[in-house]
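Here's the structure we're looking at; comments come further down.
Residue numbers begin at 1 in each chain, while the letters A, B, ... track the order of the sequences. The figures that follow rest on heavy atoms only: side chains count, while hydrogens, waters and symmetry mates do not.
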2 protein chains.
Amino acid sequence: MESNATFSNLEDIFSRTRTALNEFKDIITPVIEEAKDDHERLYWHHIYEEEDHRFDRLEHLLPALQSINADDSTITTEDSEFVHLLQDISLEKFGLHNFLEHLDLSLYTFKDTELEKPIQSLRDMTSEDYQLTKQLLDQLNEEFKGGLSFKTSVPTDEKEDIDERLKLDTYAPTDTHSGSSGQSTPQHSKKRLTVGSLKY
Amino acid sequence: MESNATFSNLEDIFSRTRTALNEFKDIITPVIEEAKDDHERLYWHHIYEEEDHRFDRLEHLLPALQSINADDSTITTEDSEFVHLLQDISLEKFGLHNFLEHLDLSLYTFKDTELEKPIQSLRDMTSEDYQLTKQLLDQLNEEFKGGLSFKTSVPTDEKEDIDERLKLDTYAPTDTHSGSSGQSTPQHSKKRLTVGSLKY
């Protein structure tokens, strides 16, 4: 069925981002260990912990995706296990958006350092995977005739009933296949970064 | 049954934190709107968005808790819907820990301002509710003879297989009923904050 390819793509994305988040955790580990004060330590610890938690969720989700991809039987929204799997996938759609913001926050701190290039490359990959994940969830929703509930998958940036001043242009919804082509990095967003205005 | 009181307590906690996170969102909304540059805007937007997402999850979880509390029938781990409810509760246990860190990050920024007192009071309430939630999940695990899976509920601070240098004393596990009595605020944690070292 159509959705088998979709789930296979989702498995690839979540497997890829599990590797990417571990690379990112390794990058910021010495930053936490060498933090100059409690505030800096808490800032990076907090980001590390959220990605560490995302890793635990992906470790839980990926085997479920793998078993769906290994099983050719028909999938229906009558199956409550399947509905919960879709809800878990929608949660990880938000997780990809959140990772994108962690990487963008890090780019402000590590701009013009040896860490900028590896973080930028994780950022570009994550931006594309996030856009692809949105497309794949849209395809699933079409296949299941809108019968799916993704209540917990929409970032503030993409909500319609939110004060525009609380959203960021960088993360505005895009219809392009590649997120990076449709999005700007913080360095190129409309409002300019005040260089040197921040410790991190 | 024993667990009915537990679920009623959990409903109270998650209803209380839903109100608290909205208060916090209102506190930081003008901070986002009046941010002096993109980095400061992204920093507060990112925290706002995570709490906004937590609100969406709680809006999904609370009706399920309410229906369990309204139903006197026996609950068993054979019921997959119940197992998923417990997994959602364990996710919100982590959500409470994450909120605690958002409030502590904010206390660094708003120390000695008119915002310190309301944020500190949300922080103290959240710390106690987080400790209580851990106790309630332990009780459920005992009642169901350890048959529950809370894979995605443990913060880095409470994992045993993690480099100690990545954990914060402030969030070290405590057996006290009240989290605040067993925990210190950042201002009182072992390592001192370097006053004035941070913009936010």
Side-chain angles (χ1 to χ4, degrees), chain A residues 25 29 32-33 35-43 45-46 48-50 52-54 56-57 59-60 80-81 84 87-88 91 94 97-98 101-102 104-105 108-109 149 151-157 159 162-163 165-168 170-171 186-187 189-195 197-200, chain B residues 25 29 32-33 35-43 45-46 48-50 52-54 56-57 59-60 80-81 84 87-88 91 94 97-98 101-102 104-105 108-109 149 151-157 159 162-163 165-168 170-171 186-187 189-195 197-200:
Chain A
K25 280 167 64 181
T29 292
I32 299 169
E33 294 174 346
K36 67 181 176 311
D37 56 46
D38 283 354
H39 189 177
E40 183 173 343
R41 186 173 298 102
L42 174 57
Y43 176 90
H45 160 86
H46 181 67
Y48 180 100
E49 187 169 61
E50 287 181 357
D52 190 38
H53 185 249
R54 191 164 72 99
D56 293 340
R57 298 197 312 265
E59 285 285 280
H60 184 71
S80 81
E81 286 302 312
H84 285 293
Q87 286 169 350
D88 288 345
L91 181 66
F94 182 86
H97 176 91
N98 213 42
E101 293 192 354
H102 287 161
D104 279 339
L105 282 165
Y108 280 121
T109 301
S149 163
K151 288 195 182 81
T152 60
S153 72
V154 182
T156 306
D157 293 300
K159 290 182 174 178
I162 294 280
D163 181 343
R165 291 173 301 179
L166 296 177
K167 304 179 184 179
L168 296 186
T170 311
Y171 310 109
Q187 291 85 338
S189 60
K190 284 179 185 173
K191 304 181 194 64
R192 309 302 307 168
L193 165 67
T194 308
V195 178
S197 66
L198 297 149
K199 295 286 197 310
Y200 51 83
Chain B
K25 280 167 65 181
T29 291
I32 299 170
E33 295 174 345
K36 67 181 176 311
D37 56 46
D38 283 354
H39 189 178
E40 183 174 343
R41 186 174 296 102
L42 175 56
Y43 177 89
H45 161 87
H46 180 67
Y48 180 100
E49 187 169 61
E50 287 180 358
D52 191 38
H53 185 248
R54 190 165 72 99
D56 293 341
R57 299 196 311 265
E59 286 284 281
H60 184 71
S80 80
E81 286 302 311
H84 285 293
Q87 287 169 350
D88 288 345
L91 182 66
F94 182 86
H97 177 91
N98 213 41
E101 293 193 353
H102 287 161
D104 279 340
L105 282 165
Y108 279 123
T109 301
S149 164
K151 287 195 184 80
T152 60
S153 72
V154 183
T156 306
D157 293 301
K159 290 183 175 177
I162 294 281
D163 180 344
R165 290 173 301 178
L166 297 176
K167 304 178 185 180
L168 296 186
T170 312
Y171 310 109
Q187 290 85 339
S189 60
K190 285 179 182 173
K191 305 183 193 65
R192 310 301 309 168
L193 164 67
T194 308
V195 178
S197 67
L198 296 148
K199 296 286 196 307
Y200 50 81

Find the distance between OH (Y43(B)) and CD (E101(A)) and round it off to the nearest 0.5 Å.
-> 13.5 Å
For the pair H84(A) and Q87(B), evaluate side chain to side chain donor-acceptor pair (under 3.5 Å) and give the outcome as yes or no after the intermediate values.
-> CA-CA 11 Å; H84(A) 285 293; Q87(B) 287 169 350; over 6 Å; no
Heavy-atom closest contact ([X] atom, [Y] atom, distance):
| X | Y | value |
| --- | --- | --- |
| D104(A) | L42(B) | CB-CD2, 3.7 Å |
| D157(A) | E49(B) | OD2-OE2, 2.9 Å |
| E50(B) | H46(A) | OE1-NE2, 3.9 Å |

Find out whether R165(B) and I32(A) are in side-chain contact, i.e. whether some heavy atom of one side chain is under 4.5 Å from a heavy atom of the other.
-> no
So, do D52(A) and I162(B) sit near enough that their side-chain heavy atoms are less than 4.5 Å apart?
-> yes
Name the orientation class of the two ring planes belonging to H39(A) and Y108(B) (parallel below 30°, tilted from 30 to 60°, perpendicular beyond 60°).
-> parallel
Heavy-atom pair count under 4.5 Å with chain A, highest-scoring of K159(B), R54(B), E59(B) = K159(B)
Do any N or O atoms from the side chain of H53(A) and from the backbone of P155(B) form a donor-acceptor pair under 3.5 angstrom?
-> no
Is a side-chain N or O of H45(B) found less than 3.5 angstrom from the main chain of L166(A), in a donor-acceptor match?
-> yes
When you look at R41(B) and T170(A), which way does the side chain to side chain contact (heavy atoms under 4.5 Å, CB included) test go after all the steps?
-> CA-CA 12 Å; R41(B) 186 174 296 102; T170(A) 311; over 6 Å; no
